[in-house]
Every structure is written in structure tokens, then in C-alpha cells.
Amino acid sequence: MEKIFKKPKGLNDKTMHYCPGCGHGIVHKMIAQTLEELDLLERTIFISPVGCAVFAYWYFNTDHIQAAHGRAPAVATGLKRANPELIIVSYQGDGDLASAGTAEIVHAAARGENISVIFINNAVYGMTGGQMAPTTLVGQKTSTSPFGRDPNFAGHPLKVCEMLATTKAPRYIERTSLDSVANLNKTKKAIKKSFDLQARGEGFSLVEILSPCPTNWGMSPPEAMDWIAETLSKEYPLGVFRDERADTEVRNDS
Amino acid sequence: MSEKVLMKGNEAVAESAIRAGCKLYFGYPITPQSEIPEYMSRKLPQIPGGAYIQAETEVSAINMVYGATSAGARAMTTSSSPGISLMMEGISYIACAEVPCVIVNVMRGGPGLGNISPEQADYFQVVKGGGHGNYRLVVLAPSSVQEMADLTYDAFDIADKYRMPVMLVAEGNLGQMMEPVKFKELKTEFTDKSEWALTGTRNHEPKIITSILLDPETMEKHIHKLYEKYALIEENEVRFEEYLTDDAEIIIIAYGLISRVARSVVDKLRDEGIRAGILRPISLWPFPNEAIKSKIEQAEFFFVCEMSMGQMVEDVRLAVNGAKPVHFFGRCGGVVPTPVEMFDNVKKYL
Amino acid sequence: MPKIEIEKNVCKGCGLCVRICPKNVIVISKGLNDKSYHPAEYIGEGCIGCKSCALTCPDSAIEVYK
Amino acid sequence: MIGNKRMTAICGAFGTGKTEISVNIALKLAAEQKKRVILVDLDIVNLYFRSRDKRDALAAKGIKVISGAKGFENADLPALAPEILEVFAQKDSLVIFDLGGSDYGGTVLSRFNEYLKNEKINLWLVVNPFRPFNEKNEDTVAMAEHISRRARLPVSGIIANPHLMNQTTDALIEQGLAQINRIQKYPLKFLTVMEDYYKPEMEKEFEIPIMVLSKNMIQPWE
């Protein structure tokens with residue numbers, strides 16, 4: 001009998017600190033599997049964000065750097081420009097990427113930095129205790145939107161893939177989810193495509209992953225997955241937002 | 001061609017950084033230092049492995065430096081006062097994570113947006129902290145274009161040696177003025193960084209660069225380790241220059257460009273038979289405390305001149321510790337003190 | 001016959017594998033593991049080796065054999 | 001000096017001495033007292049050490065200075081003053097344009113192309129081979145070509161300004177001038193020498209007209 005699914009080499013044996021049913025663990029595993037499959041583990045620098053994944057470096061068998069809130073794409077830029085041989089995995093949550101670090105992510109994308117951004121969207125601030133995030137849905141109750149997000153005061157959710165896809169440089173942008181077998185497989189495929197493109201030097205890619213936060217949503221993990229399928233992915237449609245190589249011809253004015 | 005070239009202070013910083021092996025520059029334009037990114041944007045793309053990146057903000061610029069130097073490269077960023085304020089978050093992270101880097105602050109008038117005229121009012125910010133937490137920066141203050149070049153070159157070595165950020169501070173007019181300058185040779189040998197730099201895990205166990213230490217005892221231990229390093233720097237890296245202080249009864253203390261105004265004041269005082277001299281701190285941290293203390297006995301008084309409301313003067317007072325009077329004269333808002341008014345102010349205390 | 005092995009003391013009992021299993025052959029155990037979670041448990045038969053449970057497991061606690 | 005041209009624009013790399021030379025040309029023309037002299041500071045690139053700093057001193061010598069919007073001389077705000085247009089209307093005036101440094105100095109001039117195409121104008125490139133980006137003649141020529149395209153005007157001559165400030169020597173001037181002389185593409189109009197380093201025999205020795213510069217931009221400790 002052959003073992004057809006085992007723990008990837010990119011992860012060590014520590015038990016992750018995440019809550020039961022948290023999406024971070026699922027995505028960490030996919031990243032590690034993919035780096036192993038593409039034989040990129042030894043070249044990878046993983047950038048952990050500020051958020052629940054701040055300690056991601058406890059679990060990966062790769063080099064690691066921890067970035068300030070929102071700054072991971074800037075740190076990624078520096079690393080990659082210093083050593084283009086490195087594979088840069090910039091891992092960010094929605095508070096980190098879509099709030100504190102909007103400037104960094106927009107401009108790293110606009111420059112077409114040859115990095116892979118894995119963006120975990122769970123519509124809430126996890127680490128600090130379930131406060132409203134830029135991605136929180138209208139009407140969603142959080143510890144700082146106790147009556148539900150009111151668009152008259154707090155505006156509407158920020159859609160990162162759609163926003164970044166308005167710039168020309170990004171090579172690949174896709175939104176996936178973790179709520180079904182089909183979507184798990186699509187997520188894994190998207191991560192693999194992103195890393196592969198980076199290894200080929202093709203430019204910036206971002207995979208946004210709709211991910212459960214059962215604790216702060218106040219749901220059991222299975223209920224949280226159902227909520228992604230029924231509610232969250234209605235606000236954030238899944239799909240590919242960019243999959244083409246940008247025009248890179250240099251045109252000098254006189 | 002001549003071995004010397006005529007350069008602006010800002011250009012000298014840029015050229016000297018390149019000679020020190022800095023291949024990566026990340027920055028954002030701000031007057032009065034924009035000649036540095038302009039120079040870098042012309043030169044670095046021509047160097048193998050070199051890159052000039054115009055960051056979206058100074059916040060990003062310092063974090064790009066954090067990434068680049070973590071990969072073992074020599075990298076720098078430069079800005080002027082308001083931009084340096086934006087970098088404070090990153091500087092604190094870099095100090096804690098023990099990564100080397102060089103930052104240049106070509107200071108302008110503040111607070112707030114202030115103006116583009118020269119000032120020295122960022123002393124507190126860069127010498128006393130600025131960012132959060134327990135850390136120090138090595139701060140170097142040149143007074144000529146030649147020193148802009150020399151100290152930039154040295155700053156990279158100091159940063160690598162101690163694995164920490166080093167900041168060069170210059171007044172706006174020092175960045176803008178032109179003087180002949182001679183550069184050092186292109187540096188080709190560097191400190192071995194393989195112990196800590198992020199290069200992938202081919203030949204070693206996973207490495208981590210971080211500034212998060214959750215456990216209070218671990219954090220305290222780390223801060224103690226940083227301060228042991230700082231004690232070593234206070235022992236080894238103090239820099240200052242003296243001018244006619246051997247027999248001086250009036251010790252003028254001034255740094256940066258204003259020390260050159262002070263020099264002409266000392267000459268004028270000497271012409272009148274008044275024994276005055278200058279002690280010019282070159283490293284603002286580590287501060288030349290011992291040098292100042294050694295002048296207490298001979299001094300009638302100390303006279304501190306700054307282009308601020310008086311910031312370094314507090315460190316002078318700490319060093320003198322009440323043993324002799326410490327007088328202060330400063331102009332701020334971008335006004336450069338003239339030799340005449342400095343002279344008149346010294347004479348008030350005679 | 002395909003089968004899965006769940007590492008009992010790594011499992012946090014989140015139930016995502018139970019939710020996703022197309023053959024309903026995984027259950028939450030009544031007993032506790034070392035970490036005081038009720039871990040997931042393979043009922044011992046009916047696995048088709050589809051790997052869905054391993055794919056969804058956040059703690060990489062499941063290995064699949066075929 | 002300026003020939004039969006009513007207008008002269010001074011361009012070149014950063015810090016080659018454009019402002020010093022512009023001010024000196026304006027002073028010399030004003031001293032001749034033939035026509036009204038207007039100095040236009042079009043340096044929107046560099047905000048320190050610009051000729052507008054000397055506005056009052058120059059006004060006393062009969063030179064009108066037009067620079068950034070009034071009241072904003074110290075601002076990091078490179079706006080052009082609307083009164084610039086009057087130089088094209090006042091046909092009896094002599095005009096010196098002090099352009100910004102580098103390739104971009106020409107751009108601002110191009111903004112006034114609709115007026116300039118009806119004017120007689122010198123576009124002179126100041127070269128100091130001891131400055132970055134002027135160290136090699138091919139870089140200097142490339143810059144001249146770039147400025148010319150930007151300004152939509154031909155570069156009509158070079159002003160040699162070889163110096164190392166207070167470390168200038170006769171030998172250094174000679175060495176710098178010899179290098180500039182090797183530029184074939186543009187005619188060398190004259191050599192500039194700061195008054196402290198000028199010697200009357202230089203004119204003969206170097207076989208070139210010399211404009212002696214008086215120092216107008218000084219440091220507070222000088």
C-alpha cells in the first residue's frame with residue numbers, strides 16, 4: 001500500500017498555534033507542498049506578516065523574515081532586488097494587506113515585482129480580537145462593528161483583486177476559497193501557478209484566499225466553511241482577474 | 001582627469017555609497033536631498049546587480065532596505081526630516097532585528113511640513129530614539145562635502161560591523177553646496193554575513209530575522225544584548241574634531257555645517273586675544289562625553305551653537321554636569337546664524 | 001482497500017474532514033486526545049482514497065494510503 | 001558677447017555654474033546700459049542657490065529678476081510666475097534665461113516655444129568637466145542633445161567653466177579647457193574664470209575670450 005498523501009517536507013513537526021479549523025493551517029500546508037513539488041524549498045524566503053500568521057516561521061523549513069504591519073511587499077521588494085535567485089513568499093492577512101499596507105501592495109503590484117503574494121481574506125481582524133477589517137461585509141458584526149458594518153459610516157468592503165487588476169504590470173491574480181474540494185484544489189493549483197511564474201521570472205502574482213475564522217465569526221469550523229460558500233464568496237466572487245504577461249517594451253520619450 | 005571632482009554634498013553621498021559597495025537604493029524624493037535619488041537612478045542601473053527603486057513612501061523605502069540588507073546586500077535610503085519621521089517604524093524594527101543599513105537625513109526646517117531651509121532640529125529624533133523601544137542609532141554628522149563622502153563610506157562598515165542602522169545627518173545646505181571631493185576606492189571585500197543573512201536553506205538550517213520576542217524575559221535578554229553592543233560602540237566609535245582647544249578657555253561646541261561658522265568666530269576671537277576653541281562632535285551618538293569632560297578644568301564656559309532651539313546642548317550639559325556654565329545660542333526655522341551674531345553672542349558672556 | 005491514518009494527538013477536532021468526506025467515513029471521537037480535543041476518527045472502512053480530508057485538514061494530521 | 005541675439009538661455013548639468021554665469025552675463029549687459037535687462041529664473045528643479053535669492057541686489061543694478069510666484073520664493077513649489085510672458089512682449093529688452101540643471105532644464109523653455117520660434121536666441125551649455133555627468137565628453141554631448149530636443153531649440157554654443165572652487169589652479173583650468181576643446185559638435189564661445197583665479201595673460205595663453213566672473217553666491221561663513 002502506498003502513502004499518497006503525507007505531511008510535506010516544508011513543514012516541521014510543531015503543532016500550529018492556530019485555532020481548530022483555522023484556514024492558515026490549510027494554506028501553510030499547500031504552500032509547503034507546492035515548494036516541495038517545484039523543488040523551491042531551499043531558495044525560499046517566507047515573509048510573515050503582523051496578524052495570526054506572525055509566527056508562521058515556527059512551522060516552515062525555509063528561511064524567514066518577519067515584516068511590520070502591512071510592509072511585507074516592501075520587504076519582499078528589497079529581498080528580491082538584492083537576490084533575484086530567491087523565491088519570495090509574502091504572506092499577508094486582510095488587515096495587514098488591505099488596510100495598513102494598501103500602499104505597499106498596490107505599488108509592488110504596479111511595479112510588477114517578481115514575488116508571490118498569498119493573501120488570506122477572512123473579513124475580520126483575527127489576531128487583535130475580531131475587529132472590523134477593510135474586508136468586513138456590510139452588516140457583519142465584529143467587535144468594532146457591534147451593530148453590523150454600516151456602509152454609511154464604515155463604507156463598503158475593499159476588493160483587492162479587482163483593484164489590483166486595474167494596474168497593468170501584475171502577471172497573475174486569482175481569488176479562490178477553501179470551502180469545497182473543488183475550491184481547495186483550485187487554491188492549491190493557484191499557489192503552484194504563482195510560485196512557478198515567479199521561478200520563471202514572469203512577475204507579480206497574488207492569490208487571494210477566502211479563509212475561515214471560526215473563532216471570530218462565532219461559528220463551528222464546518223459552519224464557517226458553509227458561510228464562505230453561501231455568503232462571503234457572493235461578496236467576493238472567485239475567479240481569475242489577471243492572467244497575461246504585461247507589455248514590457250520600454251518606450252523612451254525624447 | 002583630476003583626482004578630485006566638484007560635487008554637491010548630496011552627490012558625494014551617492015557616489016561614496018556606490019564606492020562602498022551599495023548596489024541598492026530605495027527612496028522617495030524630498031527637497032533638499034533629491035540629488036541623491038537622482039544620482040542613484042542614473043548610476044545604479046549601470047552596475048551589475050544594482051537597482052534604484054523609487055518607493056511609494058518613505059515607510060516602504062526603509063522596509064525595502066530591511067529586506068535587501070536581510071538578504072546580505074549593502075543598501076541605503078535617504079530622505080529629509082519629514083520623510084525620516086515616516087521611517088521611524090522601520091528603523092526600530094531594523095535595530096531590533098539586528099540588520100545593518102545606512103540612512104541619510106538631509107535635515108530641513110520643522111516641525112510639520114516646515115520649510116526646505118537647513119536646520120539641525122532632528123537631533124532629538126535621531127539621537128534620542130524617534131522610533132519606539134530601547135535602541136540606539138550610530139549618528140554621524142559631517143561638516144564638509146569631503147566628510148559627506150568619507151562618513152558615508154565609513155557608515156556602511158560600521159553598520160556591517162555592529163549589525164545595526166547608521167544614520168548620517170547633514171543640514172540642507174550641506175547637501176546642496178558644492179566643494180571639491182576625493183573618493184575612496186571601490187570596496188570589494190565585505191564582512192562575512194553568512195551567519196545570519198537570508199540566502200535560502202541549501203547549506204544550513206532555516207534562519208529567521210525578526211523583531212518579535214513575545215516572552216518578556218527573552219525580550220529583556222535581547223535588549224541587554226543590544227546594549228552590550230552599544231557599550232562597545234561607545235568605547236570604540238566616538239568621533240570628534242578639535243580646533244585650537246589646547247589652551248582654550250572658551251569651548252565652543254557645534255556640529256555640522258555650523259561648526260564652520262564657529263571656526264571663523266574662533267579666528268576672530270583669537271584676533272582679539274580671546275582664547276577660544278571648538279570641539280566638534282562628529283559622532284552625535286556615541287557622543288564625545290569624555291572629550292568634553294576633559295575640557296572642564298580649563299574652560300571658563302562652554303558655548304553651544306545649533307541650528308535649533310537647543311537639542312545637543314542637553315547632552316553637553318549632561319557631560320559638563322554643572323561644573324562650568326554652558327551657554328547656548330541657536331537660530332531655527334531655517335535661519336543660518338551669521339559669524340557676526342555668533343561672535344556677539346559669545347562676547348555677551350565674557 | 002484505501003485507508004486514512006489520523007494522528008490523534010495532532011488533530012484539534014475541528015471537524016472539517018468530517019464535513020468534506022464524500023463517504024461519511026470520518027467521525028468525531030467521544031474520547032479526548034493529549035491536548036483535550038475530541039479528535040477525528042476513521043470508522044475503519046469505506047475510504048476511497050480521494051484525499052479530500054487530508055487536503056482540508058489545517059493541522060496536516062491525516063495521511064492517506066492507497 | 002551675446003552677439004545679435006535678444007535672448008540667451010543658459011543650460012547644463014546640475015551645479016556647473018549656470019546661475020553664477022547667468023547673473024554675471026546679466027550684470028555685464030546691465031553695465032553697458034544699452035537696453036533693459038531681464039533675468040528669468042526657470043530653475044524649477046533645484047530650489048537652493050537660485051538667482052531669485054539675489055533679486056534685490058540685482059534690482060539695485062537695474063536688472064529685473066523674474067522667478068517663481070511672488071511670496072513663494074522659499075517654497076518647495078516650483079510655479080512659474082505669469083509675468084514671464086512679458087519678456088516676449090517687451091521687444092526692446094535683453095533677456096537671460098537661467099535654466100534648471102540636467103536634461104530637464106530644457107523642458108520648461110519648450111513650454112514657451114510658440115513665442116521663442118519668433119525670437120533670436122542663444123542656447124548655451126555650461127560645461128565643467130570636474131562635475132559628475134560632465135566628466136566624459138560623450139556624456140556632455142548626449143546631455144546637450146537631450147536638452148536641445150527637450151527645449152525644441154538647437155544648442156548654439158558651449159561655455160567652458162572648468163574649476164574646483166577654492167582649489168582651482170591655472171593647470172586645472174588648462175586641463176579642463178583642453179578636454180572641452182575636444183568637443184567637436186558645438187562651438188566653444190568663451191571661457192569663464194572666477195575673479196580670484198583670473199590672470200590677464202590667460203586670454204593669450206588659452207587663445208579664447210574669457211569672461212571674468214564676480215562671485216555672487218556666497219556661503220554664510222565666507
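Order of the sequence lines sets the chain letters (A, B, ...), proteins ahead of strands, with each chain counted from 1. Just so you know, these numbers come straight off a predicted model, no measurement behind them.
Each of S220(A), P214(A), P212(A), G25(A) has some count of heavy-atom pairs under 4.5 Å with chain C, and the biggest count is that of G25(A). Chosen from L11(A), N185(A), L178(A), the residue pairing most often with chain C at heavy-atom distances under 4.5 Å is N185(A). Note: L55(C) leads N9(C), V18(C), L55(C) in heavy-atom pairs under 4.5 Å with chain A.
Contact annotation for D13(A): neither backbone nor side-chain heavy atoms come within less than 4.5 Å of a heavy atom of chain C. Of the atoms belonging to I62(C), it is backbone heavy atoms, and not side-chain ones, that fall under 4.5 Å from chain A.
Between Q131(A) and T128(A), the side chains place a donor N or O and an acceptor N or O closer than 3.5 Å (distance only, hydrogens not considered). Between the side chains of T44(A) and T62(A), no donor-acceptor pair of N or O atoms lies under 3.5 Å.
Using a 4.0 Å cut-off between charged side-chain N and carboxylate O, K6(A) and E5(C) make no salt bridge. Contact check on K192(A) versus D196(A) returns no salt bridge, with no Lys/Arg side-chain nitrogen under 4.0 Å from an Asp/Glu carboxylate oxygen.
In this structure S52(C) satisfies the side-chain contact (heavy atoms from CB on, under 4.5 Å) test together with V181(A), I20(C), C50(C), sequence neighbours excluded.
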